[in-house]
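One structure below.
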Amino acid sequence: MNHTNIRTIFAFAFSSQLVLSACGSSSTNNIDGESNIVGESATTMSSDRIAMSQVGFLPDSEKVALIPDVPVSQFQIFSIAEGEVVFEGELTDAKEWQVAKGESYKVADFSALNSTGELILRIDGVEDKAFQINQNAYDKLHDASLKSFYFNRASTDITEEYGGAWARAAGHLDEKVNYHASALKGSTNKDSSNSKDRLFIASKGWYDAGDYGKYVVNSGIATYTLLAAFQHHPNFYQNRNINIPESDNGIPDLLDEINWNLEWLEKMQADDGSVYHKLTTLKWPGKEMPHQDKRARYVIGKSTSAALDFAAVMAMASRVYGHQSDTYLTKSQQWLKQATRAYQWAKANSDLPYVQPDDVKSGEYGDDFFHDEFSWAAAELFLATNDTRYLDDFAQYQQPFTVPSWQHVSALGVISLLAAETNTLDEALYQQLRKTLLDTADVYVSQYQESAFRVPMVADDFVWGSNSAALNKAIVLMQAYRLTGNAEYKTVASSLMTYVLGKNPTGYSFVTGFGEKPAMLPHHRASQSDRVTRPIPGMLVGGPQNGQQDGCDYPSGEPALSYADTWCSYSTNEVAINWNAPLVYVLASLIAD
Ligand code: G3I
Ligand code: 9MR
């Protein structure tokens, strides 16, 4: 039974306030596209207007609902199993959130509630709202968010056995990739300079996002984040089966899935150690299935950022996979060599930004400041080799700790160094890094406390892919929790998860397939052209931000309200691997840490 139906039934069974009337009724679509009529009258506010997690809560998480200004100051939580009210609380005064001006909300905070099971939020004058608190509340969500990487695999059929309704033919075998002139320029390697007619093979990998490109820079942070999810939670992933073709091979499914991307990434290195920036068509593909995109594919450009992100990920992968099997032992040695060569090339070509050629229209992932990439790669190479020269480089290039993103990666090396099992850092450096991370986490805790919406999201976070800023902040907070055991960090991290699951002023759950009102029309070519109404589940859309670079229609210009669940809105409603990876990480961490 889906949540909307549960809610409607509970509302009938337990609410004396529910008034179903034709006048003022509103309809919502659940994930199967059925319409449910939800009653609202002049005296009863629809529960749709309550902003809270639409996928429930873990028992030890922050539990908050935001209620548009109502003339009452009390709320109750009723337990279905116990048949009685199990929690009563005061609503706060109504406040406006600075990034979502226009409506004021009161906060119902029931974080202290210990009951699990099916519960109902009751407020006079508001339709009852059913929800769950459950140790397993996020299990399916986690598995779907990881499985979405499988659905974005290039070069392979997605069969019915593993893909169900979203089975599709293989796209982009990438066995005959062209060299764009920009991929040869800047290379010091004679062989590749002479090889304009040679075709390049770079099969596999994940599509970056709603488009069918494969970009080294963005693969960098996405792959890192999934590798970290495994490294930090090996037991959680040991026997977790997400039903992919490799599920029975004795290797954890998460590592099998990451390996699909690594087997592409390892091919993006030229003979001289340099790394191509991306593999895409020259123009954006049409709104079509992967196998229908017959445009020529090119390996395009080289850059210092691609080389360093590649070095960091390959070094990290060499550590993570080394112990998995004999095959992976060999692979892991190869990856470490590749990482070392990419790093050496970057040292000799330390300021080579990617410049988008005039004839190329695919994504740019441009950057012209590389110290953060150097520090991250140096940290990973130190951990993989124990060679302290990398630590010297890390110290030389270290940058202020910022919210991780594809462009700002300084935090990634710090997180790896602090999480390393056998820590060979000297005490002073360890303490300095620990402090830098905890200071940042403390800033997020203050932002949470000051936020009318009870979420540490400030104006600067509302950029393209704002939901990934939210979940990358949650990753930082979970590191603080892992380092200190202070539960407040976990509470604030969980507030960012409930934010993307519905505790936001747009009314949406930003994860496809999950919640009463999830995003239904993501800018994801396969989901929009496969003739299945429901998009592939488990995908996190970019989220609100008021750049409105796509010129589409938006309900508001406020940063946290400027979101449209339309194909048109690629600046708020696309999906991307570097946004889904922190969703996977944070879910694993909230469940397992
Ligand atoms: O760097 C400036 C910063 O200095 C300034 O303060 C800030 C103010 O808005 O803007 C920053 O630049 C932004 C840049 O991302 C870095 O964050 C741009 O405004 C913003 O337009 C740009 O958005 C990127 C977008 O591509 C357009 O290039 C997104 O981060 C990036 O996630 C997105 O990635 C695309 C790929 O190109 C193609 N595949 C799909 C993928 C997801 O949409
Ligand atoms: O579909 C493209 C999406 O994957 C990219 O993130 C986005 C970045 O600019 O661009 C999208 O393509 C649009 C193009 O930029 C402008 N014309 C409309 C395209 C989408 O329909």
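Note that the structure is a prediction, hence the values are computed from the model and not measured. As the structure lists them, so they are numbered: ligands from 1, and atoms in each ligand from 1.
When only interatomic distances are considered, the shortest N/O to N/O separation between His523 and ligand 2 falls below 3.5 Å. The distance criterion of under 3.5 Å between nitrogen or oxygen atoms is met by Trp464 with respect to ligand 1.
Below 4.0 Å from some heavy atom of Trp284 lie the following atoms of ligand 1, by number and element: 38 (C). Atoms of ligand 1 found under 4.0 Å from any heavy atom of Gln549, numbered from 1 in the order shown, are 21 (O). Near Ala209, the atoms of ligand 1 lying under 4.0 angstrom from a non-hydrogen atom of the residue are 39 (N), 40 (C). Heavy-atom contacts of Asp211 reach the following atoms of ligand 1: 38 (C), 39 (N), 40 (C) (cutoff under 4.0 Å). Listed by atom number, the atoms of ligand 1 under 4.0 Å from Tyr365 heavy atoms are 34 (O), 35 (C), 36 (C), 41 (C). Atoms of ligand 1 lying under 4.0 Å from at least one heavy atom of Glu574, given by number and element, are 40 (C), 42 (C), 43 (O).
Classification of the Trp464-Tyr570 ring pair by plane angle, with boundaries at 30° and 60°, yields tilted. Using bins of under 30°, 30° to 60° and over 60° for the plane-to-plane angle, the ring pair His172/Tyr207 lands in the perpendicular bin. Using a 30° and 60° split on the angle between ring planes, Tyr397 and Phe374 fall in the parallel class, below 30°.
With respect to Lys214 and Asp174, a salt bridge is recorded, a charged nitrogen being found less than 4.0 Å from a carboxylate O. The pair Arg168-Glu160 does not count as a salt bridge, with every side-chain nitrogen at least 4.0 angstrom from each carboxylate oxygen. With salt bridges taken as basic N to acidic carboxylate O contacts below 4.0 Å, none links Lys204 and Glu175.
Residue Trp579 touches ligand 1 through its side chain alone, judged by heavy-atom distances below 4.0 Å. Counting heavy atoms closer than 4.0 Å to ligand 1, residue Phe369 contributes nothing at all. Contact annotation: for Arg525 versus ligand 2, heavy atoms closer than 4.0 Å belong to the side chain alone.
Of all protein heavy atoms, the one lying nearest to atom 1 (O) of ligand 1 is Gln407 OE1, 3.8 Å. The protein non-hydrogen atom at the shortest distance from atom 9 (O) of ligand 1 is Val463 CG1, 4.6 Å. Scanning all protein heavy atoms for the shortest distance to atom 15 (O) of ligand 1 gives Trp406 CZ2, 4.2 Å. The protein atom (non-hydrogen) at minimum distance from atom 6 (O) of ligand 2 is Glu574 OE1, 2.6 Å. Closest to atom 15 (O) of ligand 2, if we only count protein heavy atoms, is Trp284 NE1, 3.4 Å. Nearest protein heavy-atom neighbour of atom 18 (C) of ligand 2: Tyr570 CE2, 4.1 Å.
Checked by atom type and distance alone, the side chain of Trp579 never pairs as donor or acceptor with a backbone atom of Gly542 at under 3.5 Å. Side chain of Ser410 to main chain of Pro400: a donor-acceptor pair is present (N/O by atom type, distance under 3.5 Å, no hydrogens or angles).
For Gln549, the heavy-atom gap to ligand 2 stays at 4.0 angstrom or more.
For the pair Lys473 and Tyr444, the cation-pi test (distance below 6.0 Å, angle within 45°) is passed.
Closest approach of Asp293 and Tyr212 over heavy atoms only: OD2-CD1, 4.0 Å. Between Glu380 and Leu412, the shortest heavy-atom contact is OE2-O, 4.3 Å.
Closer than 4.0 Å to atom 9 (O) of ligand 2 lies at least one heavy atom of the protein.
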